[in-house]
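Because only heavy atoms are used, hydrogens play no part in the values below, and waters and symmetry mates are left out as well, while side chains stay in.
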Amino acid sequence: MTIKRTLPYGIEDEETPIPKKVTSVIVTYIAVLCTVIAGLGDWRVINLMLKGLPKAVALGTIACAFLNFLVDADFINLKKAVSFFPLYMLLIAVYTVISMYIWITDFSALSSISAGAQKIFFQTVTIIYAICMCYLFETRAINLLFLSMCITNASIMLLEIPNYGLVPSIVSVVTCVVTFGNAEGFVRAMEIHDITFLFGQFLIYYLMFAPKETPSERRIRYLSIGLCIFFMLVGLKRSTLPAVALMCCYVKVLRMTKKPQRLIIATGIGLFLFFYVYVYLSRSGILVEFLESLGIDMMGRDVLWSLPNEYYEFSPFWKGLGLEKVLDLVAMWVEQGYLNRPYPLHNDILKIFIELGALGFTLWAGIQYILFPLFWLKRYDTETALLYMAILAYMSVTYLTDNTAFYFWSSIGLRLIPMSYSYRIFIAERRRKWKAPTPAETANEIWVIEMEGEKDKNV
């Protein structure tokens with residue numbers, strides 16, 4: 001909804017937006033419910049039966065946004081939300097074009113094509129979901145996604161309790177929290193990778209960026225921080241807490257500098273270049289030797305990282321095997337007896353280089369680590385760019401030894417949290433009201449108009 005402001009002599013200026021109506025409670029409940037149901041698909045019982053199918057329920061939130069637009073169209077907000085779509089779809093275009101070229105030229109197996117197409121589809125859903133959530137709830141989208149994930153994780157805990165008993169389950173949780181990760185029984189069943197990694201993103205936001213001006217905002221912030229830490233511990237992702245602490249220090253240091261914008265871009269470029277070094281270190285075995293010298297248990301990653309060596313080249317001309325082709329390689333290694341079951345590669349940096357080739361890898365890293373931060377800096381502000389870089393760098397730590405680069409909920413958080421945070425600027429601009437000119441300003445405008453009239457007569 002908009003209003004028009006009228007200048008002296010009845011001249012109408014451009015339309016000035018007024019604050020958007022609060023989204024209906026029914027739409028809010030439906031969006032949260034769809035998110036919770038989609039999140040329950042990560043429960044191991046459902047996941048073993050249906051795989052990633054429950055995540056499609058997130059489309060219900062997208063349908064809510066569409067229906068809400070039909071009832072109460074907000075074209076200004078729609079334009080703002082949709083403006084993110086071309087930016088994020090650049091990554092999807094990279095995955096699609098590179099993989100299709102490889103699939104066509106190499107006649108890849110149908111299984112890898114199907115898995116790759118499915119991954120592209122779900123990554124597209126994460127983008128549309130994030131845009132629709134921000135269209136519906138603006139700055140509240142972060143809190144509502146966080147609430148949904150808390151309900152999801154708590155529901156999975158309640159569903160697992162009958163398998164272990166109430167008292168043993170409570171003892172298992174207390175032991176895990178007190179010992180900082182000693183997991184047995186019930187807690188071991190609560191290892192929900194994707195959602196737990198997402199809580200790390202939320203923790204960075206609530207620690208360093210969440211509003212805290214009012215008592216209500218401070219209560220929400222403190223409660224959210226406590227829940228993030230609890231679910232990360234129970235989810236057996238205690239190793240990510242140091243990464244979160246590092247990112248919080250990073251944010252604090254950059255805020256103390258005179259030109260944080262340059263340091264944000266420098267961080268992106270530094271990570272961009274580091275990933276090439278990391279691929280080389282992984283391929284050469286230097287990384288494994290270094291980690292083992294520190295006494296770190298590689299848990300089989302040393303074998304996993306060496307097995308693909310004969311199937312790719314560390315070269316700027318490496319074409320790639322195609323998205324999800326590593327799944328076929330893993331299945332082959334199981335048949336050959338190198339692995340006792342199909343383990344993920346546990347190295348997303350290496351996996352992306354193998355599948356998308358040198359060009360695809362360069363575009364993947366360049367778009368996320370250089371182009372996106374520049375977008376947030378130029379289009380919005382330093383704080384939004386800093387938030388994006390902080391949660392991206394946090395996720396990058398997990399990319400090194402895990403399989404999180406294409407996780408559904410982690411991808412949503414990486415997109416939705418900066419988008420929703422940027423709405424504080426949009427709302428401030430939308431609420432800026434036009435003020436009536438002072439008598440002196442009005443007299444000056446009249447004098448200018450009269451002088452222009454006299455000039456026209458003389459001509």
Side-chain angles (χ1 to χ4, degrees), residues 38 51-53 55-59 61-63 65-66 78-106 108 112-135 141 145 194 197-198 201 268 272 275 319-327 348-349 351-376 379 388 391-392 395-396 399 403-420 422:
K51 301 298 180 183
L53 186 60
K55 290 182 174 63
V57 180
L59 294 171
T61 304
I62 299 172
F66 177 72
L78 178 65
K79 181 180 178 181
K80 151 75 175 175
V82 173
S83 67
F84 296 107
F85 187 74
L87 178 77
Y88 285 129
M89 285 302 291
L90 279 176
L91 278 177
I92 305 299
V94 169
Y95 305 148
T96 303
V97 173
I98 297 289
S99 292
M100 287 186 68
Y101 171 74
I102 296 169
W103 291 335
I104 293 171
T105 56
D106 288 355
S108 298
S112 63
I113 296 176
S114 175
Q118 185 182 66
K119 178 160 286 186
I120 291 172
F121 169 75
F122 277 110
Q123 285 297 302
T124 304
V125 171
T126 65
I127 294 171
I128 300 174
Y129 173 90
I131 290 173
C132 290
M133 283 288 286
C134 289
Y135 170 76
L145 179 61
D194 190 1
F197 282 121
L198 177 59
Q201 297 184 28
F272 174 83
F275 290 152
K319 185 177 68 172
L321 299 177
L323 201 61
E324 293 297 87
K325 185 63 177 179
V326 168
L327 292 177
D348 271 330
I349 305 302
K351 183 174 185 287
I352 292 169
F353 185 85
I354 293 171
E355 293 184 342
L356 296 183
L359 176 60
F361 182 80
T362 300
L363 292 173
W364 172 82
I367 290 171
Q368 290 198 101
Y369 291 85
I370 300 176
L371 179 61
F372 285 2
L374 282 171
F375 168 81
W376 293 118
R379 187 76 177 268
Y388 170 78
I391 61 177
L392 177 62
M395 289 304 300
S396 299
Y399 297 166
N403 320 286
T404 57
F406 294 96
Y407 273 179
F408 186 78
W409 298 110
S410 297
S411 296
I412 285 176
L414 190 57
R415 295 175 172 102
L416 182 146
I417 293 174
M419 284 171 56
S420 180
S422 73

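Looking at Trp409 and Phe197, their side chains never come closer than 4.5 Å, going by heavy atoms from C-beta outward. Counting heavy atoms from C-beta on, the side chains of Phe372 and Leu414 never come closer than 4.5 Å. Between Val326 and Leu321, the closest side-chain pair of non-hydrogen atoms is not below 4.5 Å. Contact annotation: the side chain of Gln201 approaches that of Leu198 to within less than 4.5 Å [non-hydrogen atoms, C-beta and beyond].
Enclosure of atom OH in Tyr101 is not indicated, since only 12 or fewer non-hydrogen atoms of other residues, nucleotides or ligands lie within 6.0 angstrom. Taking a 6.0 Å sphere around CE of Met100, one finds it holds 12 or fewer heavy atoms contributed by other residues, nucleotides or ligands.
Separation of the Phe408 and Tyr129 ring centroids does not fall under the 6.0 Å cut-off.
In this structure, OG1 on Thr404 lies 4.0 Å from CE on Met395, to the nearest 0.5 angstrom. Put simply, CD1 on Ile367 and CG on Leu374 are 12.5 Å apart, with the number rounded to the nearest 0.5 Å. Remark: Glu355 CD to Asp348 CG distance equals 9.0 Å, nearest 0.5 Å.
Side-chain atoms of Thr96 do not come within 3.5 Å of backbone N or O of Ala93 as any donor-acceptor pair.
Taking the six-membered ring where the residue is Trp, Phe84 and Trp376 present tilted rings, their angle falling between 30° and 60°. Between Tyr369 and Phe275, the two ring planes are perpendicular [angle over 60°; tilted spans 30° to 60°].
Residues Gln368 and Pro373 approach most closely at O-CD, 3.4 Å, considering heavy atoms.
Each of Ile98, Ile349, Leu90 was checked for a side chain to side chain contact (heavy atoms under 4.5 Å, CB included) with Trp364, and the lone residue meeting it is Ile349.
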